Every structure is written in C-alpha cells, then in structure tokens.
Peer 1: 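What follows is a single structure, and I will ask about it in a moment.
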2 protein chains.
Amino acid sequence: MEKIIKNPDFSDGEEILSEYLRRNFTVQVSGLCSVNYQGRAKSKLDRGERLVIKKQDSALLVHGPENYQPKNWQPEVDEWEVKAQEDELLLKARRKDPDEIVEIRFEDLEFLMVTQLVDSSDLKIRGHEIDIHESIEEDPKIVEEELKVVERERETPAGFIDVFARDSEGNYVVIEVKRNPDYNTVLQLQRYVDEIEDEFSLNVRGILVAPKMTDKVLDYLEERGLEFVGVEMEDVIASYETIDNSQKGLSDFNPDYEVD
Amino acid sequence: MEKIIKNPDFSDGEEILSEYLRRNFTVQVSGLCSVNYQGRAKSKLDRGERLVIKKQDSALLVHGPENYQPKNWQPEVDEWEVKAQEDELLLKARRKDPDEIVEIRFEDLEFLMVTQLVDSSDLKIRGHEIDIHESIEEDPKIVEEELKVVERERETPAGFIDVFARDSEGNYVVIEVKRNPDYNTVLQLQRYVDEIEDEFSLNVRGILVAPKMTDKVLDYLEERGLEFVGVEMEDVIASYETIDNSQKGLSDFNPDYEVD
DNA sequence: CGTGCCAGGTGCCAT
DNA sequence: ATGGCACTTGGCACG
C-alpha cells in the first residue's frame, strides 16, 4: 500500500489526487459527496457517502453502499481536474469521446488510499453462446440424432445463421443458438427460415437451441411451427474441463511493480 | 471508518470477515488471490492482486486494476463461508437463485477495511428513452410540423407502438423511439406499420426517432420505405431543467448510522 | 413472481 | 474508427 490517510483535509486531498490520479495507481476516496454527470445523458446525485475508485487504466467508479452497479462512472477518463476550495474538494473527470463529464464534490473526506494492484491473469470463462456453438459442432446429436452440420455462420440477407444443418431425412435445418432467448430470438429464427425456404423452395425446419426457455417464448415458437431443443449448460461447460486440463499450468505470477 | 488492518494474517481475516460480511457494512479486502466462479457459466481467474468489495446489501465485487467492470461478482449473496487455512483464506459467496458460487482464495492479504456508508439520495437521471417520448408528446413538431399525437403505447398484436400520430395530410404515422437504434429496431417498426396497414387498409408512415443513426440502419430503413428523424439529446435533457428547478430542494442528508 | 425491455449499458471482435 | 452483438448482462416496471 502506498498511502492511506484518514480524514484528510481538502488540501491533502488535492495534493494526493493531483499526484496519483493520472498515474498507474489505484486510488480510493471515500466521503460525503454529491455527483453530477453530463454527457450522453445527464444525472444528479445529492449528498451522500460514497466510495470513489480510480483504477489504473483511469476508469472511474462512484459506488454507493448498495448494488452491483456504480451510481456514476466513467469507463475511461482523459482529463482530470482537482481543486480544493474552501468548503469542498472538487474532482472533475472528463472523457473526450463521447464528450462526458463527471463532477464529484466532496464536502467531507473519510479516507484516501493509494495502492497498486498487479494482475496479469486473464479470466478464463466457459458458458458463452459461442461455447454452445462449439458443442453442437463437436457433437450434433445433442440437438438431434443423425443431424449433420453443413455450415456455421452461414450468411443470408437477413443475417448470419448460427448453424445450418440437415436432418436424417435430408431436410434443411436452421439452428439459432441463444443463451437467453426472448421474443426477438423467435423473429430472428423465423426470418432465417423464410430466407432459406425462399432460396431452396423447400420446407425448412427451424430449431432454437438454448439452455433455458420460458412458456411465452415457447408458445410463440410453436405458433410459428418452430422447434425448441434444450441444452444443458453443464454439458457445455464439462467439455471444457478436458480442454482446460490439457492446458493447465501454474500461474506465473511475479509482482513487478511499475511506477507510471 | 470502523476498522482498517494492514497486512492482516489469515486468522485476523477470518475473524473480521465472519463478523462483518453478513452485516450492514461495506467491507473491503485486498490482496493476492485466485477466483473461481460457477453458476450460469463457469470461470477461473488465476493469482493476481485484486480489490474485493462487499457492499451493504451483500453485493460482491472482485475488481482488478483495470476496467469499469469487476472480473467476478455476485449481485446478491445469500450464504457466506469464511475459513482461514494454513496457506490461504477462503471466502465463498453463494447465491441461491440462480444457484451460483464465487470462491476467492487469498494467498496474501494487503489490507482489510470495514466502513459504513450512509446514502439515502436517489440518482436523478434524464435522457432515457422515456424522456424522448415525453418530449415528443409535449412538442410533436420536433418530429414533424403539424404532427398530431393520437395515442401513446398503442397496443397491436405485434407489441406496443411508442407513439401513434397523424400527419398534416391525415396519414397515420407510427413512431418508434430508440436511444440506440439497431437492425432489430427497423424490423420492429416494420411490423407495427404492417399491423396498422392491415387494420386500416391504408398506407401508413413509419418513423424511427432517435438521437443517433448509423448508415447501415438508415439504408435498411429506407429500403423498406421507412423514415428517420433525428432528435437532439440536449433538447430532451434541457426540457428537464425547468422541471427539475421547480422541484429543487436541499438534500436532507442526515447520517443515521445503523448497525445491522 | 415471471416476463419484457431499457441502459450514460460495457466489452469484444469483425469489417 | 465503425458496426454488430453477446453479456454470469443488471435493473426496473408491469401484469
């Protein structure tokens, strides 16, 4: 930890923030503040105690005591302005594109902390939509016995078809994969099916493959003669274990503190 | 600030976390850790230094040194488990619905902080889609001269029409408002127009009103004989100033520390 | 409670 | 840069 100051006064705050905000440090300021934002929209946040975090890439977060989400933020700050005034410490964070500004006015500072985090590890995640695509291609029978995948990402005037296949009777099958299917998914699938039917002048099946389904969406599908096949997310994830094991290795964590 | 401990050992960590995680405090733990998540998806995050924040409503955030987003998180935690072991401090955060778990293994603790934030202010924001709706209703000529709004949220079999209106020549006009229009927006508007044309057996205009537009979406609109009208977000926001001023008042901030 | 839908969405990868 | 799209989307409002 580089620095921690409890109950700093505004001039301490100005000094520390001016020194560290623009550099490769994680800076935290907590205290009683109000926040204004103007840019793509405009917001006002009255006085309250919050935790403000400036990350090492200049991302800015204003967190209240609740919620996953910050109350205000700036994904990337291009210009900082810090000014201690008689009755407040003003912190302005401006972003150029889009042009947006977050202004934080502290009336009281509870603490101020400067640290540096070293983290070169990437998050490895499995369970995205693309992983379902891969599972289907590896093992088409999770959708249907004797299904043969013809093409992935087949282009049509209406967009890209996730998986294009033929069933055991030779029918063309359009497969749309969605992690979180909704009303729109059905319309999208419908459009693809229409496109392919036009193209081949044949009857074409449309299957929505998803790990979950709601009654409403299912009704909507069936009204249109489309089908649903559920897929277990655990199976999709499981196929990753083997891949992952083969690539497993110790992390090469080696703290390499860099200043600036 | 309730507590701050620099370089706590695992048993300090266990003690403090056990005491405060389940209560109405903001808890921060920073240190070298690895994180596993399993639930709707599955992820692994190798060793690295991170800032872990538990908010007063039990939201959990695992922030790396960069990015607006946390690397792992839990919007709401139902069950905590903390255990100091010989070589690590294990923190498990489980959520019941959906069933998900985040496991954080600290190999080294840099600091541990317990605070309590008091914030009863609501964020007032202007610039949402609904605000565009209101602007149109207040002053339809921002879309077109002599436009008359007939109905808002008119229901059709294809969904709700944002604004239903008539132009100076008496034609029906379907208006779809979008803050971030895309490909799907066009299809949605098309469906509404089709519905209304069926209903009245008349030619019906469709207008997409949005603060921004891309060439691709514009082409797609025009191919279908639909129109686009841009709206200045600043105008939408401006109309708020007057409303806001009339309601402006001092915040009644009054720190009321509650334990549990 | 499920369902739909917006978001200052953010982030990622394609062209 | 721009567009198109998925997200452990989160969050809210509504039936």
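Computed from a predicted structure; not experimentally measured. Each chain gets a letter, A, B and so on, in the order its sequence line appears, and its residues count up from 1. Hydrogens, waters and symmetry mates play no part in the numbers below; they use all other heavy atoms, side chains included.
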Peer 1: Could a donor-acceptor pair under 3.5 angstrom be found where the side chain of B/Asn72 meets the base of D/dT8?
Peer 2: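 In this structure, the two groups form a donor-acceptor pair.
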Peer 1: Can you give me the closest heavy-atom contact between A/Leu208 and A/Leu189, atom names plus distance?
Peer 2: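 Closest pair (atom of A/Leu208, atom of A/Leu189, distance): N-CD2, 3.8 Å.
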Peer 1: How is A/Glu100 classified with respect to the nucleic acid when contacts are heavy atoms under 4.0 Å: base, sugar-phosphate, or nothing?
Peer 2: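 If one applies the 4.0 Å heavy-atom cut-off, A/Glu100 turns out to touch a base.
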Peer 1: Looking at C/dG11, C/dC6, D/dT8, which one has an atom nearest to any side-chain atom of B/Asn67?
Peer 2: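 Of the options given, the side chain of B/Asn67 lies nearest C/dG11.
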Peer 1: Would a distance-only check, ignoring hydrogens and angles, find a side-chain to backbone donor-acceptor pair under 3.5 Å from A/Glu100 to A/Gly39?
Peer 2: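 A pair under 3.5 Å: no.
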Peer 1: What I want to check is whether the side chains of B/Gln116 and A/Glu49 have a donor and an acceptor closer together than 3.5 Å.
Peer 2: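 Side chains of B/Gln116 and A/Glu49: no pair found under 3.5 Å.
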Peer 1: Would you kindly give the CD-to-P distance between B/Gln69 and D/dT9, to the nearest whole Å?
Peer 2: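 Going from CD in B/Gln69 over to P in D/dT9 covers 12 Å.
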Peer 1: Rounding to a whole Å, what distance do you find between B/Lys71:NZ and D/dT8:P?
Peer 2: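 Taking NZ of B/Lys71 and P of D/dT8, I get 14 Å after rounding.
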Peer 1: Please state how far atom CD1 in B/Ile125 lies from atom P in C/dA7, giving the value in whole angstrom units.
Peer 2: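 One finds 9 Å between P of C/dA7 and CD1 of B/Ile125, rounded.
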Peer 1: Under 4.0 Å, heavy atoms only, any strand: does A/Tyr37 hit a base, just the sugar-phosphate, or nothing?
Peer 2: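 Touches a base.
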Peer 1: How close or far is atom P of C/dC5 from atom CD1 of B/Ile130, stated in whole angstroms?
Peer 2: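 So the CD1-P distance, B/Ile130 to C/dC5, works out to 14 Å.
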Peer 1: Could you check whether A/Gln74 gets within reach of a base, just the sugar-phosphate, or nothing at all, counting any heavy atom under 4.0 Å?
Peer 2: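 Answer is base: heavy atoms of A/Gln74 come under 4.0 Å of a base.
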Peer 1: Have B/Glu76 and B/Ser58 got a donor and an acceptor in their side chains that come within less than 3.5 Å?
Peer 2: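 Their side chains do not contain a donor-acceptor pair, so the 3.5 Å distance test is not met.
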Peer 1: Please give me every residue in residues 211-233 of chain B whose heavy atoms get under 4.0 Å of an atom in DNA chain C, ordered by residue number.
Peer 2: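 Close to the strand, none.
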Peer 1: Distance alone, cut at 3.5 Å: any donor-acceptor contact between the side chains of A/Asn72 and A/Ser43?
Peer 2: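 Yes, a side-chain donor-acceptor pair sits under 3.5 Å.
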Peer 1: What residues form a side-chain contact (heavy atoms from CB on, under 4.5 Å) with B/Lys92, not counting sequence neighbours?
Peer 2: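 side-chain contact (heavy atoms from CB on, under 4.5 Å) list for B/Lys92, sorted by chain: B/Glu81, B/Leu90, B/Ile101, B/Glu103.
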Peer 1: How close do A/Ala165 and A/Val149 get, heavy atom to heavy atom, and via which atoms?
Peer 2: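 Here A/Ala165 and A/Val149 meet closest at CB-CA, 4.0 Å.
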Peer 1: Using heavy atoms to find the nearest nucleotide of DNA chain D for A/Asp162 and A/Asp97 separately, return the residue whose nucleotide is more 5′.
Peer 2: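 With A/Asp162 and A/Asp97 compared, the 5'-side residue is A/Asp97.
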Peer 1: Under 4.0 Å between a side-chain N or O of B/Trp73 and OP1 or OP2 of D/dG10?
Peer 2: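 So the side-chain polar atoms of B/Trp73 do come within 4.0 Å of the phosphate oxygens OP1 or OP2 of D/dG10, strictly under.
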Peer 1: Rounding to a whole Å, what distance do you find between A/Glu155:CD and D/dG4:P?
Peer 2: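 Nearest whole value for this atom pair: 12 Å.
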Peer 1: Sequence neighbours excluded, which residues qualify as side-chain contact (heavy atoms from CB on, under 4.5 Å) partners of A/Asp57?
Peer 2: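 So A/Asp57 forms a side-chain contact (heavy atoms from CB on, under 4.5 Å) with A/Lys55, A/Ala59, B/Glu66, B/Asn67.
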Peer 1: Between A/Asp78 and A/Lys96, is there a salt bridge with N-O shorter than 4.0 Å?
Peer 2: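 No salt bridge links A/Lys96 with A/Asp78.
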Peer 1: Using the C1' atoms only, state how far D/dG10 lies from D/dA6, rounded to an integer number of Å.
Peer 2: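 These two C1' atoms come out 14 Å apart once rounded.
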Peer 1: Regarding B/Asn180 and B/Lys212, is there a side-chain donor-to-acceptor distance under 3.5 Å anywhere?
Peer 2: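 Yes, B/Lys212 and B/Asn180 have a side-chain donor paired with an acceptor closer than 3.5 Å.
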Peer 1: Is the shortest side-chain N/O distance from B/Arg126 to OP1 or OP2 of C/dA7 below 4.0 Å?
Peer 2: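 B/Arg126 to C/dA7 OP1/OP2: no side-chain N or O under 4.0 Å.
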Peer 1: Whole-Å distance between D/dT8 P and A/Lys124 NZ?
Peer 2: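 About 17 Å, once rounded to whole Å.
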Peer 1: Could you measure the distance from the CD atom of B/Gln188 to the CZ atom of B/Phe160? Nearest 0.5 Å is fine.
Peer 2: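 Atom-to-atom, B/Gln188:CD and B/Phe160:CZ are 12.0 Å apart.
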Peer 1: Please state the C1' separation for the pair D/dT8 and C/dA14 - nearest whole angstrom.
Peer 2: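 Taking atom C1' in both D/dT8 and C/dA14, they lie 24 Å apart.
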Peer 1: Tell me which residues in residues 173-193 of chain B lie within less than 4.0 Å of DNA chain D, going by non-hydrogen atoms.
Peer 2: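 DNA chain D contact set from residues 173-193 of chain B: none.
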Peer 1: Nearest whole Å is fine: how far is D/dA6 P from A/Glu153 CD?
Peer 2: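 Taking CD of A/Glu153 and P of D/dA6, I get 9 Å after rounding.
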Peer 1: Is there any protein nitrogen or oxygen under 3.5 Å from a nitrogen or oxygen in nucleotides 13-15 of chain D, and what are the pairs?
Peer 2:
none

Peer 1: For B/Val193 and B/Gly206, which heavy atoms make the closest approach, and how far apart are they?
Peer 2: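 For B/Val193 and B/Gly206, the tightest heavy-atom pair comes out as CG2-CA, 3.7 Å.
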Peer 1: How long is the line joining CD of A/Glu76 and P of D/dA1, in whole Å?
Peer 2: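 So the CD-P distance, A/Glu76 to D/dA1, works out to 12 Å.
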Peer 1: For B/Asp99, enumerate each residue passing the side chain to side chain donor-acceptor pair (under 3.5 Å) test, keeping only those at least two apart in sequence or located in another chain.
Peer 2: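 Per chain and number, B/Asp99 pairs via side chain to side chain donor-acceptor pair (under 3.5 Å) with B/Arg94.
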Peer 1: Among the candidates D/dT8, C/dT10, D/dG10, find the nucleotide nearest to the side-chain atoms of A/Tyr68.
Peer 2: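 Given the options D/dT8, C/dT10, D/dG10, the side chain of A/Tyr68 is closest to D/dG10.
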